[in-house]
2 protein chains.
Amino acid sequence: MNELTHLKSAGLKSTLPRLKVLSLFESGSERHLSAEDVYKKLLASGDDVGLATVYRVLNQFEQAGLLVKHHFEGDKSVFELNQGDHHDHIVCLQCGRVEEFYDATIEQRQKKAAAERGFELHDHSLYIYANCVKPKCQFRN
Amino acid sequence: MNELTHLKSAGLKSTLPRLKVLSLFESGSERHLSAEDVYKKLLASGDDVGLATVYRVLNQFEQAGLLVKHHFEGDKSVFELNQGDHHDHIVCLQCGRVEEFYDATIEQRQKKAAAERGFELHDHSLYIYANCVKPKCQFRN
DNA sequence: TATGCTAATGCTAATCATTCTCATTTGTAA
DNA sequence: TTACAAATGAGAATGATTAGCATTAGCATA
Ligand SMILES: [Mn+2]
Ligand SMILES: [Mn+2]
Ligand SMILES: [Zn+2]
Ligand SMILES: [Zn+2]
């Protein structure tokens with residue numbers, strides 16, 4: 001299933017900005033990108049897309065289920081390709097590196113915590129903030 | 001240990017705005033308050049404190065360890081009294097009601113997840129978004 | 001392929017929460 | 001009291017995100 005198909009099945013017409021944004025995520029150089037990251041990367045590659053359009057497209061993709069949005073510590077939110085697999089994140093407070101993880105026990109206990117208190121769980125956000133160790137950590141890229 | 005002592009031991013001089021903000025949290029009517037919540041409550045009770053001061057004081061209290069800051073879904077952040085006990089939150093997407101919980105297993109598995117990947121855990125944020133059931137849930141207070 | 005309509009785009013201006021500036025006021029310790 | 005640094009308040013500034021609107025571009029049709 002290619003980009004074009006993705007867009008169509010999401011009821012979005014296939015436009016240049018949308019294709020560019022989508023392929024940026026599918027190229028896979030970096031998984032977690034903010035609106036501005038996307039905007040700058042497009043500019044850098046000679047593709048002119050307005051910042052407002054980037055924001056719009058990212059949100060449409062999220063609604064359509066193509067992307068997932070996260071709010072790491074700090075102000076700006078980041079998006080990543082939705083590949084069906086839910087996972088949570090560990091974020092390095094020094095260099096910003098993000099590592100993904102999934103823990104079935106944690107997931108299950110969250111369901112339980114909600115159920116026990118009479119809540120119908122909708123979703124959750126779990127971010128672990130930490131420092132990665134010397135070799136991998138490049139303080140402030 | 002009273003408010004005044006709290007402030008002093010935090011190296012903050014005892015000013016009217018600080019005492020008012022602190023006692024608001026200690027009065028305990030509502031645990032989780034945004035800067036604007038605090039601002040409005042003070043106005044309502046006839047205490048004039050500038051919004052900028054509210055923001056400053058809240059942040060100072062957080063630095064001092066008197067308050068803890070959270071970022072529930074949405075834009076504005078909320079504060080609550082730091083009573084030493086760490087806990088996570090379930091937030092109702094309909095009415096905004098917040099319930100607190102602590103799950104030792106979740107805490108432990110987070111430590112493990114970080115350690116296994118070579119991170120020194122600093123802290124974490126876990127929010128469960130859900131809908132509370134009929135009796136308790138008052139859609140949009 | 002040309003035409004037309006609607007959705008999409010790209011500016012710019014507007015929001016909104018939060019922070020900053022700076023003149024004025026307060027807490028405090030001598 | 002006085003003196004002075006620290007704190008406050010009002011409003012401007014910021015930064016991310018969204019809204020408004022005139023212009024353009026998909027795409028279906030003739
Ligand atoms: Mn991820
Ligand atoms: Mn709480
Ligand atoms: Zn790092
Ligand atoms: Zn509710």
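Protein chains get the first letters and strands the later ones, always in sequence-line order, with residue 1 at the start of each.
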Answer yes or no: does atom NE2 of A:His122 have more than 12 heavy-atom neighbours from other residues, nucleotides or ligands under 6.0 Å? no

Here the gap from A:Leu58 atom CG to A:Thr53 atom OG1, rounded to the nearest 0.5 Å, amounts to 10.5 Å

Please state how far atom CD in B:Gln63 lies from atom C1' in C:dT19, giving the value in whole angstrom units. 14 Å

Tell me if the aromatic rings of B:His70 and B:His89 count as close, with their centers under 6.0 Å from one another. yes

For B:Lys76 and D:dA16, what is the distance between atoms NZ and C1' respectively, to the nearest whole Å? 16 Å

NZ/NE/NH1/NH2 to OD/OE distance under 4.0 Å, A:Glu36 and A:Lys40: yes

Distance test, side-chain N/O of B:Tyr55 to OP1/OP2 of C:dT18, below 4.0 Å: yes

More than 12 heavy atoms of other residues, nucleotides or ligands under 6.0 Å from NE2 of B:His87: yes or no? yes

To the nearest Å, give me how far apart CD (A:Glu36) and P (D:dT17) are. 9 Å

What is the separation between atom CG on A:Leu19 and atom C1' on D:dA25, rounded to the nearest whole Å? 13 Å

To the nearest Å, how far apart are A:Lys40 NZ and D:dA16 C1'? 12 Å

Measure the distance from NE2 on A:His71 to P on D:dA16 and round it to the nearest whole Å. 14 Å

Sugar-phosphate, base or nothing in reach of A:Ser34, heavy atoms under 4.0 Å: nothing

Any protein N or O atoms within reach of nucleotides 7-11 of chain D? Criterion: under 3.5 Å, listing atom names and distances.
| unit_1 | atom_1 | unit_2 | atom_2 | d |
| --- | --- | --- | --- | --- |
| D:dA7 | OP1 | B:Arg18 | NH2 | 2.7 |
| D:dT8 | OP1 | B:Thr15 | OG1 | 2.6 |
| D:dG9 | OP1 | B:Asp48 | O | 3.2 |
| D:dG9 | OP2 | B:Gly50 | N | 3.0 |
| D:dG9 | OP2 | B:Thr53 | OG1 | 2.8 |
| D:dG9 | N7 | B:Arg56 | NH2 | 2.6 |
| D:dG9 | O6 | B:Arg56 | NH1 | 3.1 |

Between the side chains of B:Glu100 and B:His32, is a donor N or O closer than 3.5 angstrom to an acceptor N or O? yes

Interatomic distance where CG belongs to A:Leu43 and P belongs to C:dG10 [whole Å]: 11 Å

Whole angstroms only, please: what is the CG-P distance between A:Asp37 and D:dA16? 11 Å

